[in-house]
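Report on the following structure.
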Amino acid sequence: MFSRTKSFILCLLLAAALPLAATPIPGWQRFELPESGSHLWRYLPPGLDLSGSAPAVLFLHGSGANPIQYRAYLADAADRAGLVVILPKSSTDLGWGNAQDEAIVTESLRTVRAELPLDPRRVSIGGHSAGGAWAYLLAYGTRSGYSAVFAMAARYYQIGAMADPSYKAPIRMYYGENDPNHGFSPLLKQQWTRLGVPWEEEVLPGFGHGNLPSGAVERGFFFLAGKTHPVGIGGGECVPGPTVLCLGGGRFRVE
């Protein structure tokens, strides 16, 4: 009886130590990333059920662009697919791929997971142009835990082998027929076939490199929302948040 009483008191003390959770604000919200020196925009679809865990996509902008330019293209598709969007800013205007960009991605995921109850098994990655290429390089070149990939107008980069052969995240590619990068499509499809990655592709006539048609984005987001990783990002570790306390090096979780 005494042991149960001590456990109950410990739980009360731990609960009292947690800050009160602020209600997440729907729509676009900007978050600073002090550790990596960047920022992100987070989109929460109005009315999305947060009583359980929600799916999300980390979307990477193209070279020479910034997240604000993509918000109008992504919001409606996220509303329909029921996806939280995480839209970080790269470290330079040259695209993605250096160590600081890796830190930005890590801090972005940690920041939004601390605010919202994201499902770690349904966190996908996507992007446009240079962002689309780095999305698949991260998904297949690291043990990332992303559930699926959506690459829009991406170039071809060679991947010798899967970093995590136990799960091959399916990929959906989009190109405008007039996009010069559409010429990389055969090489990418050969690569996915060689690696055993499930793939699908959409090509729309009359569009160029900078076009992100709303229908193509929506279909890509529905593709992402329907995929689940067996473990997910972070390997299932505890992530501290407004109502979550992690103990024992992340081995225990108290809500």
Side-chain angles (χ1 to χ4, degrees), residues 19-62 65-91 96 100-128 130-132 134-135 138-139 144-152 212 214 217-218 220-225 227 229 232-234 237-244:
L20 293 176
T23 301
I25 300 174
W28 289 108
Q29 293 292 313
R30 175 170 168 148
F31 290 81
E32 301 302 319
L33 303 174
E35 295 178 17
S36 56
S38 187
H39 68 273
L40 69 87
W41 286 91
R42 181 272 290 151
Y43 184 76
L44 174 61
L48 184 67
D49 183 10
L50 296 179
S51 62
S53 54
V57 56
L58 176 76
F59 196 91
L60 308 176
H61 63 77
N66 63 72
I68 292 179
Q69 295 171 269
Y70 287 79
R71 297 192 311 176
Y73 294 105
L74 305 180
D76 288 345
D79 287 340
R80 296 186 177 94
L83 275 178
V84 174
V85 179
I86 305 169
L87 189 58
K89 172 66 177 70
S90 62
S91 60
W96 299 84
Q100 188 176 354
D101 289 326
E102 293 180 14
I104 289 169
V105 166
T106 299
E107 190 178 4
S108 295
L109 291 170
R110 184 172 67 247
T111 297
V112 178
R113 291 180 72 191
E115 182 214 12
L116 299 173
L118 301 186
D119 185 346
R121 300 182 305 152
R122 292 189 294 159
V123 175
S124 54
I125 188 168
H128 172 243
W134 207 51
L138 281 179
S144 59
Y146 294 115
S147 57
V149 185
F150 179 34
M152 305 189 75
L212 280 74
S214 58
V217 177
E218 180 179 332
F221 276 18
F222 270 103
F223 170 83
L224 298 176
K227 304 299 184 291
H229 191 283
I233 60 169
E237 91 285 6
C238 176
V239 176
T243 60
V244 176

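What you see below is based on every heavy atom in this structure, not just the backbone, and it leaves out hydrogens, waters and symmetry mates. Note that the structure is predicted; figures quoted are calculated from it, not measured.
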**Request:** Over all heavy atoms of both residues, which pair between Gly127 and Ala135 is shortest? Give the atoms and the distance, please.
**Result:** N-CB, 4.3 Å
**Request:** Please report the closest heavy-atom contact between Pro26 and Pro46, naming both atoms and the distance.
**Result:** CB-CA, 3.9 Å
**Message:** Using 30° and 60° as the class boundaries, would you call the ring planes of Tyr70 and His128 parallel, tilted or perpendicular?
**Reply:** tilted
**Request:** Would you sort out whether Ile86 and Phe59 count as a side chain to side chain contact (heavy atoms under 4.5 Å, CB included), showing the intermediate values?
**Result:** CA-CA 6 Å; Ile86 305 169; Phe59 196 91; over 6 Å; no
**Request:** Please lay out, stage by stage, how Thr111 and Arg42 fare under the test side chain to side chain contact (heavy atoms under 4.5 Å, CB included).
**Result:** CA-CA 10 Å; Thr111 297; Arg42 181 272 290 151; over 6 Å; no
**Asked** Within the distance-only criterion (no hydrogens, no angle test), does the side chain of Glu218 pair as donor or acceptor with the backbone N or O of Ala81 below 3.5 angstrom?
**Response** no
**Request:** Inspect the surroundings of OH in Tyr73 and state if more than 12 heavy atoms from other residues, nucleotides or ligands are less than 6.0 Å away.
**Result:** no
**Request:** Mind checking the CG-OH spacing from Asp79 to Tyr43? Nearest 0.5 Å is all I need.
**Result:** 3.5 Å
**Request:** Please identify each residue that fulfils side chain to side chain donor-acceptor pair (under 3.5 Å) with Asn66, with sequence neighbours left out.
**Result:** Gln69
**Spacing of Gln29 atom CD and Leu40 atom CG [to the nearest 0.5 Å]** = 10.5 Å
**Nearest-0.5 Å distance, CG of residue Leu44 to CD1 of residue Ile25** = 10.0 Å
**Inter-residue atom distance Leu83.CG - Leu74.CG, 0.5 Å rounding** = 10.5 Å
**Message:** Rounded to the nearest 0.5 Å, what separates atom OH in Tyr146 from atom CG in Leu224?
**Reply:** 12.5 Å
**Message:** Quick check: closest heavy atoms across Ala148 and Ser124, and the distance to 0.1 Å?
**Reply:** O-CB, 3.4 Å
**Candidate pair Val217 and Met152, rule side chain to side chain contact (heavy atoms under 4.5 Å, CB included), full reasoning** = CA-CA 9 Å; Val217 177; Met152 305 189 75; 3.9 Å; yes
**Request:** Using salt bridge (Lys or Arg N to Asp or Glu O under 4.0 Å) as the criterion, list what pairs up with Arg71, not counting sequence neighbours.
**Result:** none
**Request:** Test side chain to side chain contact (heavy atoms under 4.5 Å, CB included) on Trp134 and Glu102 and set out the steps.
**Result:** CA-CA 10 Å; Trp134 207 51; Glu102 293 180 14; 3.8 Å; yes
**Item:** Closest heavy-atom pair and its distance - Arg121, Ser147
**Value:** O-CB, 3.5 Å
**Prompt:** Are any of the side-chain heavy atoms of Val85 and Trp28 separated by less than 4.5 Å?
**Reply:** yes
**Request:** Keeping the roles fixed (side chain from His39, backbone from Lys89), state whether a donor-acceptor pair exists under 3.5 Å.
**Result:** no
**Message:** Quick one: does any side-chain atom of Arg122 pair with a main-chain N or O of Ser53 as donor and acceptor, under 3.5 Å?
**Reply:** yes
**Prompt:** Just wondering, do Arg30 and Pro67 contact through their side chains at under 4.5 Å, heavy atoms?
**Reply:** no
**Item:** Set of side chain to side chain donor-acceptor pair (under 3.5 Å) partners for Ser91, sequence neighbours left out
**Value:** Asn98, Asp101
**Request:** Would you confirm whether Glu107, through its side chain, and Glu35, through its main-chain N or O, come within 3.5 Å as a donor-acceptor pair?
**Result:** yes
**Request:** Kindly compute the distance separating CZ (Arg110) from CD1 (Ile233), expressed to the nearest 0.5 Å.
**Result:** 11.5 Å
**Request:** Compare every heavy atom of Ser108 with every heavy atom of Pro88, then report the nearest pair and how far apart it is.
**Result:** CB-OG, 3.4 Å
**Prompt:** For Val105 and Trp96, which heavy atoms make the closest approach, and how far apart are they?
**Reply:** CG2-CZ3, 4.5 Å
**Message:** Could you check whether any side-chain heavy atom of Pro24 comes within less than 4.5 Å of a side-chain heavy atom of Leu50, counting everything from C-beta outward?
**Reply:** yes
